[in-house]
Each structure stands twice: as C-alpha cells, then as structure tokens.
Novice: 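Have a look at the structure that comes next, please.
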Amino acid sequence: MALLNVLLALSLIATLLSVALPHALSLYARAATEYEAMYLIGELRRIQSISRTTAMPLYMFQDRRSWERVPRLRFEDGGYTIHRPFGASARSHTPLPLVRFEQLTMENTRIVFHRNGELSDTWSHNMTILVYVPGQKASALRVVIDRAARIRLQRG
C-alpha cells in the first residue's frame with residue numbers, strides 16, 4: 001500500500017511538472033533575453049560614449065595620422081568580446097544559459113563607432129542583432145543600431 005501511495009505521488013508530481021516546465025521555460029526565455037538585450041545596449045552605449053572622446057586620430061610627425069583609438073565589440077563563441085583600441089581584448093561577456101546572439105545584418109563584422117557616435121563606414125553599417133533562446137522565437141528581441149547613432153530595442 002505504501003508503494004502504491006509513493007507511485008501515485010510520483011505520477012502526480014510528474015504530471016504537474018509536465019504542465020509547469022514549458023511555462024517556466026518561456027518565462028525564463030523572456031526574462032533572460034530582456035536582460036541580455038538591455039546589457040548589450042548598455043555596453044554598446046558605453047563603447048559609443050568612449051568613442052566620442054577617443055575616435056579622433058592622433059597626428060604624428062610630419063602630419064602623418066596614426067590609428068584611431070576606438071574600442072570595438074565583436075560577437076564570438078556565443079557571447080561577445082570588447083577589444084581595446086589597439087587590439088587587446090578588454091573583457092568577454094558570456095550570456096546566460098540558453099541565450100544566443102545573432103547578427104542579422106553585417107554578419108561577423110566588428111561594431112565600431114566614429115567620434116560623432118555613428119557607426120563607422122569602414123567596419124559596419126546599419127546593424128540588427130537578434131537576442132533569443134532557441135525554440136522560443138516569440139520572446140526574441142532585436143537590438144538595432146542605425147546610421148544616425150541610435151541604439152534601440154525592438155520586440156517581436
């Protein structure tokens with residue numbers, strides 16, 4: 001009789017979990033994509049503001065220009081890495097479990113801003129970045145960077 005009670009309790013728990021687990025996963029997907037998209041927007045705006053002060057080229061001897069000193073963001077290995085102006089990586093960001101980033105436009109290009117805050121012509125153009133959890137396309141968000149230096153979030 002005790003074994004029957006344990007089996008009944010386990011079947012009841014399994015039934016409740018089969019109903020609650022997909023709902024919990026969709027709640028997690030919405031919260032995690034929202035967090036990662038807002039974090040990405042914060043990083044992009046920070047890079048944009050740093051670029052406004054450091055993107056002006058330095059002039060060396062005899063009016064020769066040196067490299068521009070701008071930070072860059074590049075998507076790699078599921079997350080993204082922020083590079084310092086002269087190539088060393090400053091830090092990498094690994095997203096929450098199950099969250100993915102995908103560049104919909106200008107794939108595999110670095111995100112670089114000019115001194116006025118707009119996207120650099122030499123590296124990137126208007127750009128759309130999809131933040132999503134695989135299998136949960138309804139909760140996907142888009143981070144859009146346009147040529148006028150606006151960074152915004154699109155839902156749906």
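Sequential numbering from 1 along the given sequence is applied to the chain's residues.
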Novice: Can a donor-acceptor pair be found, under 3.5 Å and without considering hydrogens, that links the side chain of Q48 to the backbone of A149?
Specialist: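 Judged by distance alone, yes, a pair lies under 3.5 Å.
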Novice: Checking L96 now: which residues fulfil side chain to side chain contact (heavy atoms under 4.5 Å, CB included) with it, not counting sequence neighbours?
Specialist: Y28, A32, Y35, E36, V99
Novice: Parallel, tilted or perpendicular, judged at 30° and 60°: which one describes the rings of F75 and F101?
Specialist: tilted
Novice: Measuring from atom CD1 of I145 to atom CE of M127, what distance do you get when rounded to the nearest 0.5 angstrom?
Specialist: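 The CE atom of M127 is 6.0 Å from CD1 of I145, to the nearest 0.5 Å.
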Novice: Taking the side chain as every heavy atom from C-beta outward, state whether I41 and L153 have any pair of such atoms under 4.5 Å apart.
Specialist: yes
Novice: Quick one: pull up CD1 in I13 and OG in S18 and give me the separation to the nearest 0.5 Å.
Specialist: 12.0 Å
Novice: From I111 CD1 over to L44 CG, what is the distance, rounded to the nearest 0.5 angstrom?
Specialist: 5.0 Å
Novice: Got V144 and I151 here, is their nearest side-chain heavy-atom distance under 4.5 Å?
Specialist: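 A side-chain contact under 4.5 Å is absent here.
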Novice: Using side-chain heavy atoms (C-beta onward) and a distance below 4.5 Å, is L7 in contact with S11?
Specialist: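 In short, these two side chains do not touch, never coming nearer than 4.5 Å.
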Novice: State the CG-CD1 distance between L104 and I129, to the nearest 0.5 angstrom.
Specialist: 9.0 Å
Novice: Do you know which two heavy atoms are closest between P22 and L17, and how far apart they sit?
Specialist: CD-O, 4.3 Å
Novice: With a 4.5 Å limit on heavy-atom distance, are the side chains of R155 and E34 in contact?
Specialist: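 Touching, per the 4.5 Å side-chain cut-off.
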Novice: Nearest 0.5 Å, what's the CD-CD1 distance between E43 and I82?
Specialist: 3.5 Å
Novice: To the nearest 0.5 Å, what is the distance between CG (L8) and CG (L4)?
Specialist: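 The CG atom of L4 is 6.5 Å from CG of L8, to the nearest 0.5 Å.
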Novice: Do you know the tightest heavy-atom contact between G79 and P95?
Specialist: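 Minimum heavy-atom contact is CA-CD, 3.7 Å.
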Novice: Using the side chain to side chain contact (heavy atoms under 4.5 Å, CB included) rule, pick out the option among V133, L130, L98 that qualifies with T33.
Specialist: V133
Novice: Are M38 and L40 grouped together when hydrophobic residues (ILVMFWY) are joined by side-chain heavy atoms under 4.5 angstrom apart?
Specialist: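 Looking at the clustering, L40 is in the same group as M38.
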